[in-house]
Trainee: 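Please read through the structure below; I'll follow up with questions.
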Amino acid sequence: GATIQTLIIYSFAELPYEFLPTILGWTLLLFFMFDALFQCVAAVAPDGEQAMTMATPWLVVFMLFNGLIVTKATAPVYLRWVFEISPTSYAMQAIFLTMTEDAGGENNPLIKNCGYQHGHDLKGIVVIISMTVVLRVLQVLALKFLNNSQKWTSDEHSVVRNMVGSGVLGARDIALPPSLYRASFRVVQCKRT
């Protein structure tokens, strides 16, 4: 899905195809990292509302510290460390430097203002992949130990599947806690006997 979306946007932008590998590669790296972040938060939070509340600060920090909105040059000294862990900063830097190579290179005033520097691509890839792996491990641990997650029986799966198929449960209801599904299962099971 992310690949197709990126390719569609890229074709509408009418950029030269020489930039496609860089943009597509960094976009997919970011997709995997943010997917891991949101899945981890969803596993930790007891419900969807709290998950959104928990994910918002991370999203805002990574979006603000991307090197264009808040630049390394304009950021206060005590916040410059955020650029070292901001995946969007590495991606924007790599894409921006690739696209401006013909426009004056490092002497380009826009590059100087943003504080972008060559030679940080590998570091960025390592940071993003490391964050993705750590977030996936935390997600698995959260699913195992938090929010009293329990395994579903095959009967429970089929009841929920039938309730969705028959219209009793809608797409919105899928976010209900498993305890409500189990209560529905017991009601259906009682009606069978």
Side-chain angles (χ1 to χ4, degrees), residues 1-6 9 21-72 75-96 115-116 119-154 156-157 160-161 164 169 171-185:
T3 304
I4 293 170
Q5 182 181 4
T6 302
I9 293 170
T22 301
I23 292 175
L24 185 61
W26 285 99
T27 301
L28 291 177
L29 273 175
L30 286 179
F31 169 78
F32 290 129
M33 197 286 305
F34 279 109
D35 183 60
L37 172 66
F38 296 136
Q39 293 292 328
C40 179
V41 169
V44 169
D47 59 36
E49 187 175 323
Q50 287 186 18
M52 289 184 63
T53 303
M54 291 168 63
T56 301
W58 294 102
L59 183 62
V60 169
V61 166
F62 290 151
M63 289 298 133
L64 284 176
F65 287 86
N66 65 11
L68 286 176
I69 298 171
V70 176
T71 67
K72 291 179 184 177
V77 175
Y78 57 89
L79 289 178
R80 289 194 183 146
W81 64 270
V82 178
F83 289 101
E84 299 298 317
I85 63 165
S86 175
T88 54
S89 175
Y90 288 109
M92 291 293 289
Q93 177 173 270
I95 292 168
F96 199 85
Y116 290 150
H120 293 280
D121 290 358
L122 181 61
K123 181 180 176 185
I125 291 169
V126 169
V127 167
I128 294 172
I129 290 174
S130 299
M131 290 175 80
T132 303
V133 169
V134 168
L135 289 166
R136 289 296 181 191
V137 168
L138 291 174
Q139 173 192 353
V140 170
L141 292 174
L143 285 172
K144 186 168 180 151
F145 297 112
L146 297 178
N147 300 321
N148 198 18
S149 295
Q150 298 173 0
K151 290 186 177 180
W152 288 60
T153 66
S154 60
E156 289 172 324
H157 276 291
V160 171
R161 200 175 315 117
V164 171
L169 290 176
R172 207 171 45 143
D173 301 319
I174 299 301
L176 293 173
S179 58
L180 291 179
Y181 289 132
R182 286 195 170 80
S184 301
F185 172 73

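Here the structure is a predicted model, which is why all the values come from computation and not from measurement.
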Trainee: Where is the tightest heavy-atom contact between Thr22 and Ala94, given as atom of each residue plus distance?
Mentor: CG2-O, 4.1 Å
Trainee: Which distance, rounded to the nearest 0.5 Å, do you find between the CZ of Phe65 and the NZ of Lys72?
Mentor: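 One finds 12.5 Å between CZ of Phe65 and NZ of Lys72.
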Trainee: Identify every side-chain donor-acceptor pair in residues 36-55 under 3.5 Å, counting partners at least two apart or on other chains, and give the distances.
Mentor:
{"from": "Asp47", "atom 1": "OD1", "to": "Glu49", "atom 2": "N", "distance (Å)": "3.2"}
{"from": "Asp47", "atom 1": "OD1", "to": "Gln50", "atom 2": "N", "distance (Å)": "2.8"}
{"from": "Thr53", "atom 1": "OG1", "to": "Glu49", "atom 2": "O", "distance (Å)": "3.0"}

Trainee: Test your reading of the model: is there a side-chain donor-acceptor pair from Thr88 to the backbone of Phe62, 3.5 Å cut-off?
Mentor: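 Indeed, once roles are kept as given, a pair shorter than 3.5 Å links the two residues.
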Trainee: Could you tell me which non-hydrogen atom of Ile69 sits nearest to which non-hydrogen atom of Asn66, and how far apart they are?
Mentor: N-OD1, 3.1 Å
Trainee: Are any of the side-chain heavy atoms of Tyr116 and Leu68 separated by less than 4.5 Å?
Mentor: yes
Trainee: Where do Asp35 and Phe32 land on the side chain to side chain contact (heavy atoms under 4.5 Å, CB included) test, with the steps shown first?
Mentor: CA-CA 5 Å; Asp35 183 60; Phe32 290 129; 5.6 Å; no
Trainee: I need the Met33 CE to Leu28 CG distance, nearest 0.5 Å.
Mentor: 13.5 Å
Trainee: Tyr90: what forms a ring pair (Phe, Tyr, Trp, His ring centres under 6.0 Å) with it, not counting sequence neighbours?
Mentor: none
Trainee: Give every donor-acceptor pair under 3.5 Å between a side-chain atom in residues 121-132 and any protein atom, sequence neighbours left out.
Mentor:
{"from": "Lys123", "atom 1": "NZ", "to": "Glu84", "atom 2": "OE1", "distance (Å)": "2.3"}
{"from": "Ser130", "atom 1": "OG", "to": "Val126", "atom 2": "O", "distance (Å)": "2.7"}
{"from": "Thr132", "atom 1": "OG1", "to": "Ile128", "atom 2": "O", "distance (Å)": "2.8"}

Trainee: State whether the side chain of Thr27 and the backbone N or O of Thr6 hold a donor-acceptor pair below 3.5 Å, judged by distance alone.
Mentor: no
Trainee: Calculate, to the nearest 0.5 Å, the distance between atoms CG and CD1 belonging to Leu24 and Ile9 respectively.
Mentor: 11.5 Å
Trainee: Measuring from atom CG of Leu79 to atom CH2 of Trp81, what distance do you get when rounded to the nearest 0.5 angstrom?
Mentor: 7.5 Å
